[in-house]
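Below is one structure; the comments refer to it alone.
As the structure is a computational prediction, the values presented were derived from the model and not from experiment. Sequence positions, counted from 1, serve as the residue numbers for this chain. The analysis underlying the following values was restricted to heavy atoms, covering all of them including side chains, and did not include hydrogens, waters or symmetry mates.
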Amino acid sequence: MAWDREVDVLVVGTGAAALSAAIAAAEANMRVLVIESTAKWGGTTALSGGGLWMPTNPLIGKQGREDSVAKALTYMQEAIGDAGPASSPERRQAFVETIPEVFQLLAKRGVRWTAAKDYPDYYPDRPGGMTGRSIEAEPFDIRKLGPMRDSFRGLDSMPAPLKTDDVWLLSRAWSTPSGFVRGARFVFRTLGGLATGKRLYGIGSALSASLMSIVRRQGTEVLLQTPLTGLERDASGAVVGAVIGSGVRVRALGGVVLGAGGFARNSEWRQKHHGIPGYSSAPEGDLGQAIDIAAEVGAQLELMDDAWWGASVPLPNGSSQFVLSERSMPFSIVVDSAGSRYTNESASYIDFGHAMLERDKTVPAIPSWLILDVRHRRRYLFNAFLTGTKELRAAGIVRSASTIEALAADLDMEPAKLRATVERFNGFARAGVDEDFGRGRTEYDNYYGDPRVKPNPNLGPLEKGPFTAVQLVPGDLGTKGGLLTDADARVIDTAGDVIEGLYAAGNTTASVMGRTYPGPGATIAPAVVFGYRGGRAAAARAAGTPVKH
């Protein structure tokens, strides 16, 4: 074949999966090229919460807690169950056992890890569940990115040193002493950065920038606005290179690693696989091209009908705002079009999203309505309201009324039905036990609650108007389905065989977490781990040596 250039490993994408693969390959002294289809690097990672659910990471012991591979695998089995080949025992084992190695390498190369020590697993009451497995990168000064700074997708996120473990307290910064203290710390952290001339970015931006900083120091070339357009194979079917950009043919001696995200912004695919056009928090380039190109060479697809679901507020400009603490705080309920509750409002976001989609099969629940007592409005942060509610009200996304009955009429619900739903819920709130859906039963539910509200921090009666209703749709943090891969991130074809020279990780692949979300950062952690394993395997293939296990 005639090639325009040659590298050892070609990496497609610039999110956490792709950058981790590039770092691992460069660590093995390989020539690495990274390509990004859009004009901005960072992928969905740069816009994310930035947490990584990493059981057995070294920071757990420093918290005075104990974890183990066996404990983590027990919990994964309890939380995920049998979810098909993407979440095979081999892949779960590889994920958990590789975490300390990835943690140490990235720390050695400059990532400043910190624990989200108060954040519990999403099913903490199940065997193996615990608190403190999630980690994140400390806020990063993006000035250190040099010329890469101006094309950083993280510039579209909050320009502040926010940390994952800030969010749960900041949401009640003016209603509880602990929230106020955390708010003050956040302000001082922000002011401290400004005073020293730093441009500190936190959460997903911090992780993304930390990884890119390593890639730059390793001397790896990164090309923007350079999409993957095809894969090249030899007579045996192995992937030996790719066509990129405007027809440049790149030979990749070790292989091609796909970390180009999912298909969250591909409305045609979303309608086909999910039955909705999609209300995603993923960036505009998340169109599924890499999945499609791999499928053309025989790659097997799994979990295409699923996503990292969660409630979102649809905004007038066509975007959406993810909703997390807002639906969990007391003095609120979520109802369908008939005015009935149908799930635990404080459940993990993916469970809430699944519940909304399932409910909509029998009773219209897209959109649903989050109904707030005036105390919720006054006490708790509501992200979609930060820029004001005028446009939201004009679009009918936010409605208000002095009584529950008047609000029901505005929402085309039977007033007596909504009143009955509210009165039943109010009884649960006063007793402290949600007999219908168990809201406020677990440590995870309570994490996004108000400890001043007794006897249950997630339950507060809806008694005081004016009452506000906010439209909710099944948003997502990205799609969950894609290429089937093995424990070393090698892509599997429809016959069940490995496609030599082709690797994938992150939302380009079917998730090792199956159809659920075991804990905070269960999207990004496997992206980093399997990106690392794929980059390492491609490097070993280029060197003609066995993969180190």
For this session: May I ask you to decide if the ring planes of Tyr349 and Phe322 are parallel, tilted or perpendicular, using 30° and 60° as cut-offs?
Result: perpendicular
Problem set entry | Close side-chain approach of Arg149 and Arg199, heavy atoms under 4.5 Å | yes
Exercise. Hey, are Arg515 and Asp305 close enough for a salt bridge, meaning a charged N less than 4.0 Å from a carboxylate O?
Worked result: yes
Exercise. Between Asp306 and His354, is a side-chain hydrogen bond (donor to acceptor under 3.5 Å, both in side chains) present by the stated rule, with each step listed?
Worked result: CA-CA 9 Å; Asp306 216 341; His354 280 146; 2.9 Å; yes
Exercise. So, are Glu97 and Arg92 salt-bridged, with charged N and O less than 4.0 Å apart?
Worked result: no
Exercise. Regarding Thr516 and Tyr123, is there a side-chain donor-to-acceptor distance under 3.5 Å anywhere?
Worked result: yes
For this session: Ignoring hydrogens and angles, state whether a donor on the side chain of Trp269 or Asp292 is under 3.5 Å from an acceptor on the partner side chain.
Result: no
Exercise. Step by step, would you call Tyr279 with Ser319 a side-chain hydrogen bond (donor to acceptor under 3.5 Å, both in side chains)?
Worked result: CA-CA 7 Å; Tyr279 306 92; Ser319 65; over 6 Å; no
Exercise. Is the backbone of Met513 close enough, under 3.5 Å, to the side chain of Ser511 for a donor and an acceptor to pair up by distance?
Worked result: yes
Problem set entry | Note: Lys40-Asp150 ion pair, threshold 4.0 Å (strictly below) | no
Problem set entry | Geometric class of the Tyr448/Tyr119 ring pair [parallel <30°, tilted 30-60°, perpendicular >60°] | perpendicular
Problem set entry | Ser208 side chain vs Ser205 backbone, donor-acceptor pair below 3.5 Å | no
For this session: Mark yes or no for whether Asp141, through its side chain, and Lys144, through its backbone, hold a donor-acceptor pair below 3.5 Å.
Result: no
Exercise. Do Phe263 and His273 come within less than 4.5 Å of each other through their side chains, counting heavy atoms only?
Worked result: yes
Exercise. Is any NZ, NE, NH1 or NH2 atom of the basic residue among Arg490 and Asp488 found under 4.0 Å from an Asp or Glu carboxylate oxygen of the other?
Worked result: no
Exercise. Would you find more than 12 non-hydrogen atoms of other residues, nucleotides or ligands less than 6.0 Å from Glu221 atom CD?
Worked result: yes
Problem set entry | Ion pair check, Arg536 and Glu27, cut-off under 4.0 Å | no
Exercise. Any Lys/Arg nitrogen of Glu232 or Arg251 sitting under 4.0 Å from an Asp/Glu carboxylate oxygen of the other?
Worked result: no
For this session: Could you tell me whether the side chain of Glu302 reaches within less than 4.5 Å of the side chain of Pro85, counting heavy atoms only?
Result: yes
Exercise. Would you call Arg91 and Asp486 a salt bridge, using N to O less than 4.0 angstrom?
Worked result: no
Problem set entry | Glu36 and Thr38 side chains, donor-acceptor separation under 3.5 Å | yes
For this session: Could you check if a side-chain atom of Leu211 sits within less than 4.5 angstrom of a side-chain atom of Leu106, using non-hydrogen atoms only?
Result: yes
Exercise. Just by distance, with hydrogens left out, do Gln218 and Arg109 show a side-chain donor and acceptor under 3.5 Å apart?
Worked result: no
For this session: Fit a plane to each ring of Tyr444 and Tyr447, take the angle between them on a 0 to 90° scale, and name the class: parallel (under 30°), tilted (30 to 60°) or perpendicular (over 60°).
Result: parallel
For this session: With side-chain hydrogen bond (donor to acceptor under 3.5 Å, both in side chains) as the test, would you mind laying out the steps for Ser213 and Arg217 before giving the verdict?
Result: CA-CA 6 Å; Ser213 181; Arg217 287 196 299 274; 2.7 Å; yes
Problem set entry | Distance-only side-chain donor-acceptor flag, Thr479 / Asn507, under 3.5 Å | no
Exercise. Taking C-beta and beyond as the side chain, do Leu33 and Val9 meet within less than 4.5 Å on heavy atoms?
Worked result: no
For this session: Decide yes or no for Trp309 and Leu477: does some side-chain heavy atom of the first lie under 4.5 Å from some side-chain heavy atom of the second?
Result: no
For this session: Using a cut-off of 6.0 Å, state whether more than 12 heavy atoms not belonging to Glu296 lie near its atom CD.
Result: yes
Problem set entry | Exercise: do Ser280 and Arg265 side chains pair donor with acceptor under 3.5 Å | no
Exercise. Does any non-hydrogen side-chain atom of Pro100 lie less than 4.5 Å from one of Thr56?
Worked result: yes
For this session: Taking only Lys NZ, Arg NE, NH1 and NH2, and the carboxylate oxygens of Asp or Glu, determine whether Glu6 and Arg31 approach each other closer than 4.0 Å.
Result: yes
